[in-house]
There are 2 protein chains.
Amino acid sequence: MTVDPNFLSALMILKLEGVFTLTGEERQALHDLPMRVVVLKTNQDIVHIGECPLQSFLVLEGFASSYKLTADGVRQIVALHIPGDAPDLQTLHLKRIDCSFASISPCKVGFFQLDDLRRICERHPRLSAAFWRETLVDASILREWVVNVGRRDAYTRVAHLLCEFLVRLKAVGLVENSAFDFPITQANLADATGISAVHMSRALKALREDGLIQTRRMHLAVPDWAKLVNAGDFDPFYLHLGVNAAAGFRPAPQPKAAAL
Amino acid sequence: MTVDPNFLSALMILKLEGVFTLTGEERQALHDLPMRVVVLKTNQDIVHIGECPLQSFLVLEGFASSYKLTADGVRQIVALHIPGDAPDLQTLHLKRIDCSFASISPCKVGFFQLDDLRRICERHPRLSAAFWRETLVDASILREWVVNVGRRDAYTRVAHLLCEFLVRLKAVGLVENSAFDFPITQANLADATGISAVHMSRALKALREDGLIQTRRMHLAVPDWAKLVNAGDFDPFYLHLGVNAAAGFRPAPQPKAAAL
DNA sequence: TCCAAGGCATAACGTATGTTATGTGGCAAG
DNA sequence: CTTGCCACATAACATACGTTATGCCTTGGA
């Protein structure tokens, strides 16, 4: 996959447009944000917990993770990031960063100055709101992850993660025929779901044998989407995708409005 | 505990002042936000997942939870809320709410109109940023919860949750002599840590026997804070408390700044 | 005063998952 | 072409935790 030279416009704008239509001015402001592109190999640290960075970054190609370590050095991935994501937008308002970020596949990221982004937010309140919204969606995903890790067995948990992956990748156009590049090791998947690497191997085997997924080296296919959704207890609503992006994934109904 | 009639000023302002000093105007704007106070018994639903509410709420007294259910009806609490918290601030930018909210003790909440808050955000960018920051801290707590549930054993997990509770309660002045009111059932604690109620009973017993906590009906005391922190693998940094609020809890050092 | 309900403790038992170990194949570096 | 590394598979074994069940105690309502 190659990326348009105007990275920000290509990816972030795509995401924001899913929610509301940008004005020409807003689009231009994003387009003009200076970015420094950096190419990374697998398993390279991008930002480390405790730092007080002056810049933030965007994933342009490949996959990245947010992670934390426990006292005895066990890793838990707390978020997976795909092209178009701004993993550490939080640094905009939280000085010290509370988790580490690393590439989990060969990947390309774009750094920009937080001060530049702050200026954009001041001048374009709608963009500011849109970025805020992005961080709120991240929080929603975290809530679902707590449920996933806390209350679902390994099989369901893995199916759920794969569902989330597919929907999010589809939203940025990285899925073809229910299949996508998947250069993520089982160890990383294990760290993201809170199980051991050995058990991740078992879970994937079971999913394969049940015909829910097909894995061919660094590539994953989903032959029966409905079955995987069912196995993973998956409802994409928590991703808060724009209507365009979610086409074909949303189930049906809207519950009634609040009372009280 | 009784609450000042100016709920918002008493609680939310206290929290915000931990981060930066409000101007008189900003303080007044918050003070003038119309609120409708509602008294709740234990286990009452406040907002239900899927709704598109026009109002949001603040916890004034007692404790509340955010929770989700899996397909087979198992509950996972994804956040615990104490007085001063605005549990569903997300509704400001996400139309449909992605988790349910309920009281988990007798409690008092204050509802306000989202439109009123939006108006405040438009007129007072610093307040807008402060609210954004609040939601980012919530996300940071969620990240730590994913680690807690995903990678720590029950004993450590419970100790960690109790540490978090103590620090957060202390920040709003609800702790005396390392002890606090704790009207939360073991079943709720179990749902918050992703373990069974039976095992929660076992874990609490172990903590009691190790002298890390003392429980006297609806009341919890921590005789040796350092030991509990150690047992819970707890570092309060992720709570992003203001320096004032965190006094006495922060460990020492600041890591070096970012490079790259 | 009594009863019902819920919160808690504890025991017996089952199991999903972790741990440790070994072998295979692919791939990159020399 | 080797060599070594790493991702993955699989087996044997260990265990933390879930489940089901029972009983006690407190609390609040009739």
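Just so we're on the same page: letters track the sequence lines, and every chain starts at 1. Note that the coordinates shown come from a computational prediction; the quantities given were computed from them, not determined experimentally.
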What's [X] touching, base or sugar-phosphate or nothing? Going by heavy atoms closer than 4.0 Å.
X        : answer
B:Ala154 : sugar-phosphate
A:Leu204 : nothing
A:Arg208 : sugar-phosphate
B:Thr185 : sugar-phosphate

Integer-rounded Å distance: [N] [atom2] and [X] [atom1]:
X        : N      : atom1 : atom2 : result
A:Arg151 : C:dT17 : CZ    : P     : 14 Å
A:Asn188 : D:dC8  : CG    : P     : 9 Å
B:His199 : C:dG14 : NE2   : P     : 19 Å
B:His219 : C:dC8  : NE2   : P     : 16 Å
A:Arg202 : D:dA12 : CZ    : P     : 12 Å
A:Leu189 : D:dA7  : CG    : P     : 12 Å
A:Arg216 : C:dG26 : CZ    : P     : 16 Å
B:Met200 : C:dT10 : CE    : P     : 16 Å

Side-chain N,O ([X]) to OP1/OP2 ([N]) below 4.0 Å:
X        : N     : answer
B:Gln186 : C:dG6 : no
A:Ser201 : D:dA9 : yes
A:Lys205 : D:dA9 : no

Please compare B:Val198 and B:Asp153 by the position of their nearest nucleotide in DNA chain D and report the one closer to 5'.
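Result: B:Asp153.
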Winner on side-chain proximity to A:Met218, out of C:dT10, D:dC8, C:dT19, is D:dC8
Exercise. Nearest to the side chain of A:Ser196 - C:dG18, D:dG18, C:dT10?
Worked result: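 Comparing C:dG18, D:dG18, C:dT10 against the side chain of A:Ser196, the answer is C:dG18.
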Minimal non-hydrogen separation, [X] against [Y], with atom names:
X        : Y        : result
B:His219 : B:Asp181 : CD2-OD1, 3.2 Å
B:Ala192 : B:Leu80  : CB-CD1, 4.4 Å
B:Ala102 : B:Asp45  : CB-OD1, 3.6 Å

dist B:Thr193:OG1 -> B:Asn188:CG (nearest 0.5 Å) comes out at 10.5 Å
So the ring-ring contact (aromatic ring centres under 6.0 Å, His included) pairs with at least one residue in residues 157-177 of chain B (sequence neighbours excluded) are B:Phe63-B:Phe165, B:His160-B:Phe234, B:His160-B:Tyr238, B:Phe165-B:Phe182
